[in-house]
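Worksheet: one structure, shown below.
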Number of protein chains: 4
Amino acid sequence: MSSEVSSAGATRGRPRSDQVDQAILRAASALLSERGLDAMTIEDVAARAGVGKSSIYRRWPTKGTLALDAFLDAFLAQQPRVDNGALEDDLREALTLWSAAVVGTATGRALVGLIAESQLDEDLARGWIARVMTPVRAQHRTMVDRAMQRGEIPADSDVDVIMDLLYGAVYHRLLQGHLAITSEFIGLVARMVAEGAKSGAAVVR
Amino acid sequence: MSSEVSSAGATRGRPRSDQVDQAILRAASALLSERGLDAMTIEDVAARAGVGKSSIYRRWPTKGTLALDAFLDAFLAQQPRVDNGALEDDLREALTLWSAAVVGTATGRALVGLIAESQLDEDLARGWIARVMTPVRAQHRTMVDRAMQRGEIPADSDVDVIMDLLYGAVYHRLLQGHLAITSEFIGLVARMVAEGAKSGAAVVR
Amino acid sequence: MSSEVSSAGATRGRPRSDQVDQAILRAASALLSERGLDAMTIEDVAARAGVGKSSIYRRWPTKGTLALDAFLDAFLAQQPRVDNGALEDDLREALTLWSAAVVGTATGRALVGLIAESQLDEDLARGWIARVMTPVRAQHRTMVDRAMQRGEIPADSDVDVIMDLLYGAVYHRLLQGHLAITSEFIGLVARMVAEGAKSGAAVVR
Amino acid sequence: MSSEVSSAGATRGRPRSDQVDQAILRAASALLSERGLDAMTIEDVAARAGVGKSSIYRRWPTKGTLALDAFLDAFLAQQPRVDNGALEDDLREALTLWSAAVVGTATGRALVGLIAESQLDEDLARGWIARVMTPVRAQHRTMVDRAMQRGEIPADSDVDVIMDLLYGAVYHRLLQGHLAITSEFIGLVARMVAEGAKSGAAVVR
DNA sequence: CCCTAAACGAGACGGTACGTCTAGTCTTATG
DNA sequence: CATAAGACTAGACGTACCGTCTCGTTTAGGG
């Protein structure tokens with residue numbers, strides 16, 4: 001978000017300080033965890049980082065985009081690859097790891113806040129898709145790809161739909177809060193999605 | 001939300017005016033549709049309704065709860081019962097109706113804003129579950145109940161999980177915005193959920 | 001400046017609080033004396049008065065107009081009438097009293113700051129003329145009027161010019177700071193203006 | 001102001017560029033005329049001159065001192081010597097020329113802004129006296145000196161007082177703005193000062 | 001002819017105050 | 001008592017400049 005590749009080699013003027021980058025991200029990350037996105041103000045971040053407000057606005061256009069970068073520091077590579085040889089097992093394990101990272105944690109509260117904020121902040125919405133959704137889906141998509149290669153599910157399955165069902169269910173409970181995300185729930189979701197996929201239901205006819 | 005039953009019959013002083021109730025709701029509803037929840041300020045609602053701010057705060061504790069009431073005016077009974085004799089058809093039709101009401105409409109924007117806001121406003125979160133989630137789910141749950149009675153799916157299926165998969169998928173795309181909600185998508189979701197349910201995957205073992 | 005006569009008797013809404021008025025003026029006055037107009041910030045005034053910034057902006061459009069009101073509290077009626085029976089004596093005493101109030105005092109620094117600020121703030125410039133220049137000149141003008149009635153100076157003298165010469169000289173030294181305002185200087189100024197007036201030089205031919 | 005004589009002959013390193021000097025002064029002068037001293041920011045001057053901010057700060061400690069140099073470019077030698085053989089005539093002509101240069105002109109606005117700023121900037125105040133007041137007064141003082149040599153006014157008159165009366169009056173109207181500077185006003189001022197001086201009123205007894 | 005120290009442009013840096021906005025509460029006069 | 005109006009404290013917003021500080025890049029003199 002803050003990275004802008006200089007087209008030419010023209011680096012004129014005083015270069016941005018990495019220390020400042022780090023100080024801001026650390027402060028933002030801390031406040032995000034402690035108080036949530038809503039209570040994280042730019043002014044507090046600046047004060048906590050020992051930085052002028054303009055140094056923040058120079059780098060991030062909105063609170064959300066800053067929070068996204070701060071969030072990624074914590075969320076980075078927290079979703080490891082899994083491979084159990086069977087689709088249902090892979091799906092269950094992926095969901096279990098996801099829920100461990102997210103349910104009842106500071107990371108989870110930050111994630112929910114970012115989704116809420118991204119409804120209002122177009123920059124954030126784009127960044128969210130590009131830097132969270134896409135990588136995480138790419139990572140998890142390999143589970144489904146392997147199942148297709150194994151012949152466990154049809155080769156022409158719509159992977160996106162499978163992943164939307166899988167993650168949609170847990171995000172739904174996380175965001176609406178109408179029911180708890182238990183291991184039983186995760187087990188049922190994984191089994192249903194796997195069964196549905198095996199039956200060829202995800203093939204576009 | 002706004003109704004507070006006076007415990008005794010003691011109704012002293014000037015009674016609350018229904019006209020004021022209506023004026024506030026009409027103004028809130030209009031602003032909600034026009035500009036979204038975030039840009040709908042209590043001050044604007046008061047001005048548009050020709051009402052003092054305190055008359056709003058007397059009735060609703062937060063912006064979100066007011067917006068919820070305003071939203072329900074529009075959303076009320078917009079989700080009709082369907083019955084086609086086959087689970088997949090019922091699910092597809094329900095999703096289709098839901099998406100027609102929500103995708104790209106003012107109602108949809110309001111719905112998304114309310115979900116976002118409910119992450120910050122506990123009163124709203126409770127109201128949202130009680131007054132939107134619960135009724136809509138109850139209404140749609142009958143589709144699954146009928147399928148169980150027909151023997152189309154196992155009698156001990158976990159209906160909540162089925163519904164979370166069904167609605168989770170579409171809410172996911174609505175909130176994350178990573179992919180469009182097309183009729184193909186709806187078709188695949190309905191088919192996969194129906195197939196998964198039929199295979200007995202939703203039964204708690 | 002802050003007084004606005006309500007055209008009708010319509011006093012709707014919560015009335016402005018006199019306590020707030022006083023608190024703001026007291027704080028502004030203190031800061032004006034301590035640090036001068038330039039270092040007197042609206043934020044400091046609000047903090048010192050225990051008042052929201054908007055309560056200041058509601059009353060005064062600019063820092064200058066607030067400072068003017070604060071200044072008048074201190075300057076009010078500090079320029080008493082004098083009457084010695086001879087124009088030169090009157091002029092000298094008036095200048096002496098003025099310089100005592102202004103040279104090397106907090107009031108003087110405030111006065112100089114206000115004149116400087118009034119070059120940038122049209123509202124303040126108007127207020128300064130209406131509420132400082134005009135009253136003070138009216139008060140001192142009586143000295144010249146009496147001299148005309150006595151026949152000491154021609155009856156058709158231009159009183160404005162006489163006063164501009166008198167006060168112009170001391171303001172000049174006060175603002176330019178090129179030379180000190182001594183009692184000798186004041187004596188010479190008073191004498192020259194009195195002599196010039198007696199010689200009929202101030203009569204428009 | 002910008003000239004600093006190097007004590008030894010040690011002029012090592014890259015010498016200051018005259019082009020830069022000129023570019024800064026030209027930009028400052030333009031902005032000073034267009035928008036006044038208050039709206040002339042160092043940042044704008046640098047941008048307009050195509051110069052780094054540090055090149056300005058290297059030469060001038062404050063905005064005021066820069067503005068003074070910029071002002072002098074325009075004001076330089078704009079106040080020519082006059083000699084009519086009679087004090088009153090000389091005074092009137094000097095005031096007339098001064099008012100032509102200053103009343104309602106960009107130069108006048110700059111002058112007023114500089115006087116205002118010099119109340120806050122000690123460096124500027126010193127520079128103002130040394131580089132504007134003193135030269136202009138020295139120039140105009142010759143009028144009074146000639147009158148003394150001619151015997152038109154007493155030889156022991158206090159020339160400073162005479163000049164403070166003369167210029168005090170017009171500066172007063174210029175800065176306070178309570179009354180216009182008309183040719184009638186100038187005529188009366190010149191006559192009164194001349195008459196007062198002739199009567200020996202400016203002699204210290 | 002190279003060396004080196006200062007000037008140069010650009011622009012980042014920590015600050016500060018601005019004037020605006022909204023929140024939610026409080027205080028009037030009027031119904 | 002409810003109401004419309006609007007003042008109240010509080011505090012974040014995003015902007016604008018300040019005066020200082022790094023950068024990489026000239027540009028001259030002195031060796």
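Every chain is numbered from 1, with letters handed out A, B, ... down the list of sequences. Model, not experiment: these values are computed from the prediction.
The phosphate of F:dG30 has neither OP1 nor OP2 within less than 4.0 Å of any side-chain N or O from D:R12. Dashed line: the shortest gap from a side-chain N or O of B:R58 to OP1 or OP2 of F:dT3 is under 4.0 Å. Between C:R59 and F:dC8 there is a side-chain N or O to OP1 or OP2 distance below 4.0 Å. Here D:S55 reaches the OP1 or OP2 of E:dG9: one of its side-chain N or O atoms lies under 4.0 Å away.
A donor-acceptor contact under 3.5 Å links the side chain of A:S54 to the base of E:dG15. For A:R14 against E:dC13, a side-chain-to-base donor-acceptor contact under 3.5 Å is absent.
Of all nucleotides listed (F:dC21, E:dC8, F:dT9), E:dC8 comes nearest to the side chain of D:V20. Here the nucleotide nearest the side chain of D:Y57, chosen from F:dT9, F:dC18, E:dG14, is F:dC18.
Between the OG atom in C:S118 and the CZ atom in C:R126 there is a gap of 11.5 Å [rounded to 0.5 Å]. Separating the CG atom in A:D38 from the NZ atom in A:K63 is a distance of 5.5 Å, to the nearest 0.5 Å.
Look at CD1 on A:I24: it is 11 Å from C1' on E:dA12, rounded to the nearest Å. Rounded to whole Å, atom P of E:dT20 lies 17 Å from atom CD of A:E43. Going from atom CD of C:Q19 over to atom C1' of F:dT9 covers 14 Å, rounded to whole Å. Computed from coordinates, the C:D21 CG to F:dA7 P distance equals 12 Å when rounded to whole Å. Atom P of nucleotide F:dT22 and atom CZ of A:R16 are separated by 17 Å, given to the nearest angstrom. The nearest whole Å value for the distance from the CG atom in B:L37 to the C1' atom in E:dT22 is 14 Å. Rounded to an integer number of Å, the gap from A:D18 CG to F:dT22 P is 16 Å. Separating the CE atom of B:M40 from the P atom of E:dC21 is a distance of 19 Å, rounded to the nearest angstrom.
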Residues C:E34, C:L31; criterion side-chain contact (heavy atoms from CB on, under 4.5 Å); working and verdict: CA-CA 5 Å; C:E34 287 168 24; C:L31 289 167; 4.3 Å; yes
Candidate pair B:I115 and A:I115, rule side-chain contact (heavy atoms from CB on, under 4.5 Å), full reasoning: CA-CA 10 Å; B:I115 293 172; A:I115 294 171; over 6 Å; no
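Contact annotation for D:S17: backbone-only contact, meaning every heavy-atom pair under 4.0 Å involves sugar-phosphate atoms and none involves a base.
For the pair B:R59 and B:V20, the minimum side-chain heavy-atom distance is below 4.5 Å.
Between D:K53 and B:A49, the residue anchored closer to the 5' end of DNA chain F is B:A49, taking for each the nucleotide with the nearest heavy atom. For C:P15 and B:K63, each mapped to the nucleotide of DNA chain E holding its nearest heavy atom, the one lying further toward the 5' end belongs to B:K63. Looking at which nucleotide of DNA chain F each of B:G50 and D:I42 is closest to, the 5′-most match is held by B:G50.
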